[in-house]
Enquirer: 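Structure incoming, see below.
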Amino acid sequence: MGIPTADDKLVQAAVKILLEQIHEPLFSPQSHGFRRGRPCHTALTEIKRTRHGVKWLVEVDIVGYYDNIDYNILLALLRRRIDDDRLIAW
């Protein structure tokens, strides 16, 4: 396991801000979780507010999900909106 340096953390924070500015307007308003102002709890509040008399359960098993991402596809998707090879290569 690698421990990021202060410089790494600074760059990661800057990239996070950049990616949020680019992609946040594209996300669905119904998308919650790991988004600024839309954590998982807002999803539960929205469900409670809009769904009446319906009982359902959603179960998702994401163990190992990030271990199986095709990074070539991910990078191709990022290149659609980011025209900076230095950032993509980082």
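Predicted model only: the values in this text are computed from it and were never measured. Counting begins at 1 with the first residue of the sequence.
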Enquirer: Which distance, rounded to the nearest 0.5 Å, do you find between the OG1 of Thr42 and the CD of Gln30?
Expert: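 Result: 11.5 Å between the selected atoms.
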
Enquirer: Does a sphere of radius 6.0 Å around CG in Asp83 hold more than 12 heavy atoms from other residues, nucleotides or ligands, not counting ones at 6.0 Å or beyond?
Expert: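 Counting other residues, nucleotides and ligands, CG of Asp83 stays at 12 neighbours or fewer.
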
Enquirer: Tyr65 and Val63: side-chain contact (heavy atoms from CB on, under 4.5 Å), yes or no, with the steps?
Expert: CA-CA 5 Å; Tyr65 173 79; Val63 173; over 6 Å; no

Enquirer: Throw together a table of side-chain donor-acceptor distances under 3.5 angstrom for residues 9-20, partners on residues two or more places apart or in other chains.
Expert:
residue, atom, partner, partner atom, Å
Lys16, NZ, Glu20, OE2, 2.7
Glu20, OE1, Arg36, NH2, 3.0

Enquirer: Supply the atom-to-atom distance Glu24 CD to Arg38 CZ, rounded to the nearest 0.5 angstrom.
Expert: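 Spacing of CD (Glu24) from CZ (Arg38) equals 7.5 Å.
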
Enquirer: Under 3.5 Å, is there a donor-acceptor pair between the side chain of Arg35 and the main chain of Ser31?
Expert: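 Indeed, once roles are kept as given, a pair shorter than 3.5 Å links the two residues.
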
Enquirer: Nearest 0.5 Å, what's the CG-CZ distance between Asp85 and Arg79?
Expert: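 These two atoms lie 6.0 Å from each other.
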
Enquirer: If we only count heavy atoms from C-beta on, is the Leu78 to His23 side-chain gap below 4.5 Å?
Expert: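 Answer yes - side chains close enough.
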
Enquirer: Could you tell me the separation between the CD atom of Glu46 and the CZ atom of Arg51, rounded to the nearest 0.5 Å?
Expert: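 One gets 8.5 Å once the value is rounded to the nearest 0.5 Å.
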
Enquirer: Take a 6.0 Å sphere around CZ of Phe34 and say whether it holds more than 12 heavy atoms from other residues, nucleotides or ligands.
Expert: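 Counting neighbours around CZ of Phe34, 12 or fewer heavy atoms of other residues, nucleotides or ligands fall under 6.0 Å, so no.
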
Enquirer: What's the separation between atom CG in Asn72 and atom CG in Leu77, rounded to the nearest 0.5 Å?
Expert: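 Spacing of CG (Asn72) from CG (Leu77) equals 11.0 Å.
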
Enquirer: Can you measure from CD1 (Ile22) to CD1 (Ile82) and round to the nearest 0.5 angstrom?
Expert: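 Here the rounded value is 4.0 Å.
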
